[in-house]
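We use all heavy atoms of the structure for the numbers below, so side chains are in, but hydrogens, waters and symmetry mates are not. Please read these numbers as outputs of a predicted model, since none were measured by experiment. Residue numbers start from 1 in every chain, and the chains themselves are labelled A, B, ... in the order their sequence lines are given, proteins ahead of strands.
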Number of protein chains: 2
Amino acid sequence: MNTTAPRGNADELLDLTGLNGKVGYLLRRAQIAVHGEFTDLLRELKLRPGQFAVLRLIGNNPKLTQSKVCVALGIQRANLVGVIDELERRGLLGRTTSDADRRSNCLQLTSDGHRVLARSTELQERHEAAIGRSLGAGGYAELLRLLGKLVD
Amino acid sequence: MNTTAPRGNADELLDLTGLNGKVGYLLRRAQIAVHGEFTDLLRELKLRPGQFAVLRLIGNNPKLTQSKVCVALGIQRANLVGVIDELERRGLLGRTTSDADRRSNCLQLTSDGHRVLARSTELQERHEAAIGRSLGAGGYAELLRLLGKLVD
DNA sequence: TATTGTTATACTCTATAACTATA
DNA sequence: TATAGTTATAGAGTATAACAATA
């Protein structure tokens with residue numbers, strides 16, 4: 001994450017009406033902060049949060065096709081291609097043409113992919129634990145509940 | 001649905017462990033959903049959420065300089081230039097060289113800028129009200145509180 | 001020397017259309 | 001006809017470096 005960018009939480013003399021008290025704006029600022037922290041944590045693996053989500057999903061669901069990954073993660077088919085290309089180039093997963101439907105690629109993690117997924121999952125759990133400490137256990141659970149409603 | 005499909009994973013049957021139960025992931029999905037809804041609402045004004053934030057901040061704080069906008073909103077000076085260029089080209093605000101410090105531009109909304117800000121603020125209120133209905137009044141307030149902690 | 005606004009540049013993420021090979 | 005993967009491309013958003021004018 002960028003460390004020299006202004007964070008914008010210092011100037012208390014400005015009138016932030018219409019921004020600070022709105023879910024739309026605070027959700028964006030919070031997401032940027034949390035995403036940036038996770039990006040920093042994953043740097044040791046040269047993995048970005050979006051790549052982690054793909055590894056996690058395929059690790060959970062071997063032989064998943066690219067289309068199904070896209071539906072599950074809410075991304076475009078065309079944009080997944082490059083992500084899979086890079087993870088495959090790095091030897092973290094493999095494409096195999098499906099026997100049942102030769103249009104589809106079955107995706108599977110390699111042993112290196114499983115190792116990277118295990119390490120990144122540790123980092124994610126550390127990250128979530130830090131969030132939990134700043135929100136309190138009740139706040140963490142309540143935030144999950146409320147965010148879940150927004151995603152629907 | 002083909003009943004002979006062997007290990008095809010239906011979308012509802014996917015294992016989303018490590019994604020759905022994590023604040024990092026749900027925060028991202030929720031932010032994308034909410035940001036997209038606000039983007040749709042603002043379309044009638046040909047205004048994007050980031051431009052709205054700039055108009056809102058300058059409307060609240062006349063004569064603000066570009067650097068101060070950047071600190072308040074957490075964006076880069078270099079990236080604000082184009083945003084201000086476009087809003088100025090559309091006649092929504094004006095730059096004036098500061099008397100006190102001739103390096104700085106004082107930013108001020110035009111009457112058109114105030115009109116667009118007023119209308120977009122109405123749209124934002126409608127958007128936030130819809131969020132409030134889906135979360136409940138208590139949930140909405142609690143979400144604001146929790147997101148505020150994450151932004152710190 | 002430091003800061004403000006600016007230009008240039010690059011990289012990521014996202015969105016759409018069109019192609020191919022399969023179904 | 002429809003779908004899976006792919007290519008190409010364009011638009012946002014964001015990051016860094018460097019420069020001129022000014023402090």
Side-chain angles (χ1 to χ4, degrees), chain A residues 1-8 28-29 31-33 35-36 38-40 42-43 46-54 63-89 93-107, chain B residues 1-2 4-5 8-9 11 28-29 31-33 35-36 38-40 42-43 46-54 63-88 93-107:
Chain A
M1 186 188 177
N2 160 291
T3 51
T4 64
R7 290 301 173 91
R28 175 157 178 77
R29 293 300 296 260
Q31 198 273 323
I32 290 170
H35 190 268
F38 192 38
T39 299
D40 290 344
L42 287 178
R43 187 153 292 136
K46 300 191 195 306
L47 203 68
R48 279 157 295 161
Q51 297 173 315
F52 167 74
V54 170
K63 302 281 191 181
L64 208 56
T65 67
Q66 290 176 212
S67 283
K68 285 182 173 161
V69 169
C70 289
V71 171
L73 298 183
I75 60 182
Q76 305 288 329
R77 292 195 314 280
N79 295 331
L80 183 65
V81 175
V83 177
I84 299 295
D85 282 348
E86 182 175 344
L87 294 174
E88 186 175 40
R89 182 187 58 75
L93 56 77
R95 286 170 163 108
T96 313
T97 300
S98 167
D99 293 333
D101 183 343
R102 295 178 45 75
R103 295 172 300 184
S104 298
N105 289 334
C106 289
L107 303 169
Chain B
M1 174 72 63
N2 180 4
T4 67
N9 290 289
D11 301 335
R28 175 156 179 79
R29 294 298 296 260
Q31 197 273 324
I32 290 170
H35 190 268
F38 192 38
T39 299
D40 291 343
L42 288 177
R43 188 153 291 137
K46 299 192 195 308
L47 204 66
R48 278 157 294 155
Q51 297 173 315
F52 167 75
V54 170
K63 302 283 190 180
L64 209 55
T65 67
Q66 290 177 211
S67 282
K68 285 183 173 158
V69 169
C70 289
V71 172
L73 297 183
I75 60 182
Q76 304 288 330
R77 291 197 316 277
N79 295 331
L80 182 65
V81 174
V83 176
I84 299 295
D85 281 349
E86 182 175 344
L87 295 174
E88 187 175 40
L93 57 77
R95 287 170 163 108
T96 313
T97 301
S98 167
D99 294 332
D101 183 342
R102 296 178 44 76
R103 294 172 301 183
S104 298
N105 289 334
C106 289
L107 303 169

Exercise. Would you tell me if any nitrogen or oxygen in the side chain of B:Q76 comes within less than 4.0 Å of OP1 or OP2 on D:dG13?
Key: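 B:Q76 to D:dG13 OP1/OP2: no side-chain N or O under 4.0 Å.
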Calculate the interatomic distance between [X] atom [atom1] and [N] atom [atom2]; express it in whole Å.
X: B:I32; N: C:dT14; atom1: CD1; atom2: C1'; answer: 10 Å
X: B:D85; N: C:dG5; atom1: CG; atom2: P; answer: 12 Å
X: A:R43; N: C:dT12; atom1: CZ; atom2: C1'; answer: 13 Å
X: B:Q51; N: D:dT14; atom1: CD; atom2: P; answer: 12 Å
X: B:L47; N: D:dA12; atom1: CG; atom2: C1'; answer: 15 Å

Quiz item: What residues, two or more places apart in sequence or in another chain, satisfy salt bridge (charged side-chain N to carboxylate O under 4.0 Å, His left out) together with A:R48?
Solution: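 Only A:E86 meet the salt bridge (charged side-chain N to carboxylate O under 4.0 Å, His left out) criterion with A:R48.
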Quiz item: A:D85: what forms a side chain to side chain contact (heavy atoms under 4.5 Å, CB included) with it, not counting sequence neighbours?
Solution: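 Side chain to side chain contact (heavy atoms under 4.5 Å, CB included) list for A:D85, sorted by chain: A:V81, A:R95.
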Quiz item: Of all heavy-atom pairs between B:R102 and B:T97, which one has the smallest distance, and what is that distance?
Solution: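 It is O-CG2, 3.5 Å.
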Self-check item: Which residues share a ring-ring contact (aromatic ring centres under 6.0 Å, His included) with A:F52, sequence neighbours left out
Solution: A:F38
Quiz item: With the sugar-phosphate defined as primed atoms, P, OP1 and OP2, and the base as all remaining atoms, what B/S/- string results for nucleotides 18-23 of chain C, 5' to 3', for protein heavy atoms under 4.0 Å?
Solution: ---BBS
Practice problem: For A:R28, check side-chain hydrogen bond (donor to acceptor under 3.5 Å, both in side chains) against everything at least two apart and list the hits. | Solution: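 Applying side-chain hydrogen bond (donor to acceptor under 3.5 Å, both in side chains) to A:R28 gives none.
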Quiz item: Can you name the residues that form a side-chain hydrogen bond (donor to acceptor under 3.5 Å, both in side chains) with A:R103, not counting sequence neighbours?
Solution: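 For A:R103, the residues satisfying side-chain hydrogen bond (donor to acceptor under 3.5 Å, both in side chains) (neighbours in sequence not counted) are A:D101.
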Quiz item: 5'-most contact on DNA chain D: A:R28 or A:S104, nearest heavy atom basis?
Solution: A:S104
